[in-house]
Amino acid sequence: MIIPTIFVVLAFLGLLLILYIAKGHHSTAGNLDQLASQLRSVDVDAFRNLIDHREQDYLRERLPANEFRGIQRERMLAAVEYVRAAASNAAILIRLAEAARQNSDPAVAQAADKLLDNAIRLRLYAFRVVPRLYFGMLMPGVSLAPIDLADAYDTITRQVVMLGCLQYPTRGMSSAL
Amino acid sequence: MFATRKREIDCGLLAKSLIFQWPMLFLQYYLWIAPHLLLGWTLVASFRRGMHRRLPIFFAYAAFETFQFLTLLALSLLSPFPRDIYNWTLVLETGISSCLMLAVIYELANTLLLTQSSRAELLRPLLRWTLVVLMFVAAVSSAALSGATVRRVTNIFQVLDFSSSLVEVGMLVTLFLFSRTLHISWRNRATGVALGFGISACINLATTALRSGLGKSAFIAVDITQMAAFHVCVLVWLVYLYLPNRALAFAGSGLGKSDIQFWDQELQRITGR
């Protein structure tokens with residue numbers, strides 16, 4: 001009876017998971033204002049600095065091994081926080097882009113489509129980067145610079161501002177574009 | 001005198017047992033017939049809403065389930081009851097139904113998640129490998145669970161039922177987790193189809209595992225539970241079919257003023273370096 005019991009437990013866990021996720025789909029539906037309030041600022045420059053291998057080499061040369069390991073651990077933990085914030089913002093942008101895809105203006109819909117694609121890419125990338133950063137904490141000597149994530153965040157930031165320009169041309173958007 | 005008395009006692013016992021059996025018999029027939037009537041309703045309603053164009057394999061699955069029910073009902077009404085033909089028909093149709101259900105899961109993945117290239121890149125191999133692993137686990141655990149009965153057809157049915165339930169649960173959980181991880185929203189009707197299948201497949205997996213563990217004594221209880229799960233599954237499909245499509249709730253919404261300000265500041269900081 002051990003194997004049947006295992007499958008019964010797995011089946012109920014699967015059922016609970018499916019119900020939970022399906023319920024989540026409903027509760028977040030259309031609640032864009034609430035999602036937007038969860039946006040977190042990401043300092044891309046600071047993130048680039050944290051994962052810069054030259055910076056890492058510099059610290060390794062100047063600091064005693066023990067101190068370097070401690071500092072590197074702190075730096076990687078901070079980088080993980082940045083990645084989490086970027087992934088969280090990307091998740092919100094996925095919802096916002098999905099909403100903008102319904103727009104009757106084809107230019108807005110196309111911009112939203114691109115934003116959606118890149119936000120998903122960023123989120124997927126973030127999931128791959130976090131374990132690498134944790135690994136970097138355990139093995140401070142190994143270079144695991146996930147520089148693409150900062151570039152991807154740059155791209156989606158430009159795209160979301162572009163989308164805003166297309167949706168609200170009169171609001172006066174960033175001169176940085 | 002004795003014979004008459006005995007017949008009276010027998011008749012009394014029979015009547016008593018019928019009184020006790022009647023609710024169970026009613027429940028069994030209700031759970032067999034009612035979900036399929038509702039499935040017929042679902043078929044008609046989904047045809048009217050053009051779901052046969054958006055989810056053609058699901059539509060074919062629902063049509064096949066209805067056909068399977070009608071075939072088995074017709075066979076069960078024959079006298080004398082052709083047990084072997086009934087059992088082999090059940091096995092054959094369960095096999096076809098399982099293949100169709102797997103195809104529906106792929107259809108859900110295609111329509112819900114694979115429209116974007118970045119999702120397709122990740123999801124296609126993920127689904128492929130999940131299927132391979134699940135097939136392997138199903139093969140190994142079917143062998144471990146084999147509560148072999150003397151009837152070959154029953155053994156085949158049990159293995160088929162258990163394996164298909166395991167694969168369906170695994171694939172559906174993978175799809176739900178994927179959508180959750182990436183925060184991709186599903187359209188209402190497709191969520192309904194996936195949720196209905198998910199409920200039914202999970203209950204089927206639990207009950208088929210129990211049937212292998214408990215043996216013949218659990219057959220009726222397992223059948224009733226599975227039929228009840230399918231009833232819930234069809235009800236979920238019907239409810240979602242009549243819910244307004246959530247995509248419309250997003251229409252007209254977009255970036256708010258605060259969002260634009262936030263992203264504008266983010267961009268200025270990036271470009272100001």
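Throughout, protein chains are lettered first and strands after them, A, B, ... in sequence-line order, and every chain is numbered starting at 1.
Contact tally against chain A (heavy-atom pairs below 4.5 Å) for B/Thr181, B/Val173, B/Leu166, B/Val169: the top residue is B/Thr181.
Heavy atoms from other residues, nucleotides or ligands lying under 6.0 Å from CG of A/Leu63 number more than 12. For CZ of A/Phe127, the number of neighbouring non-hydrogen atoms (other residues, nucleotides, ligands) closer than 6.0 Å is greater than 12.
Both the backbone and the side chain of B/Leu177 have a heavy atom closer than 4.5 Å to some heavy atom of chain A. Heavy-atom distances place no part of B/Thr208 under 4.5 Å from chain A, backbone and side chain included.
Note that CG of B/Leu205 is 10.0 Å distant from CZ of A/Phe12, once rounded to the nearest 0.5 Å. Considering OG of B/Ser141 and CG of A/Leu10, their distance stands at 10.0 Å, rounded to 0.5 Å. The structure places CD1 of A/Ile21 at 11.5 Å from OG1 of B/Thr191, a figure rounded to the nearest 0.5 Å.
Here the closest heavy-atom approach between residue B/Ile199 and residue A/Leu15 is recorded as CA-CD1, 3.6 Å. Contact between A/Val8 and B/Ala209 at its shortest, heavy atoms only, is CG2-CB, 4.5 Å. Considering every non-hydrogen atom in both B/Cys202 and A/Ile18, the closest pair reads SG-CD1, 4.1 Å.
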*Give the C-alpha distance, both sets of side-chain angles, the deciding distance and a yes or no for side-chain contact (heavy atoms from CB on, under 4.5 Å) between A/Leu17 and B/Phe176.*
CA-CA 8 Å; A/Leu17 189 71; B/Phe176 271 99; over 6 Å; no
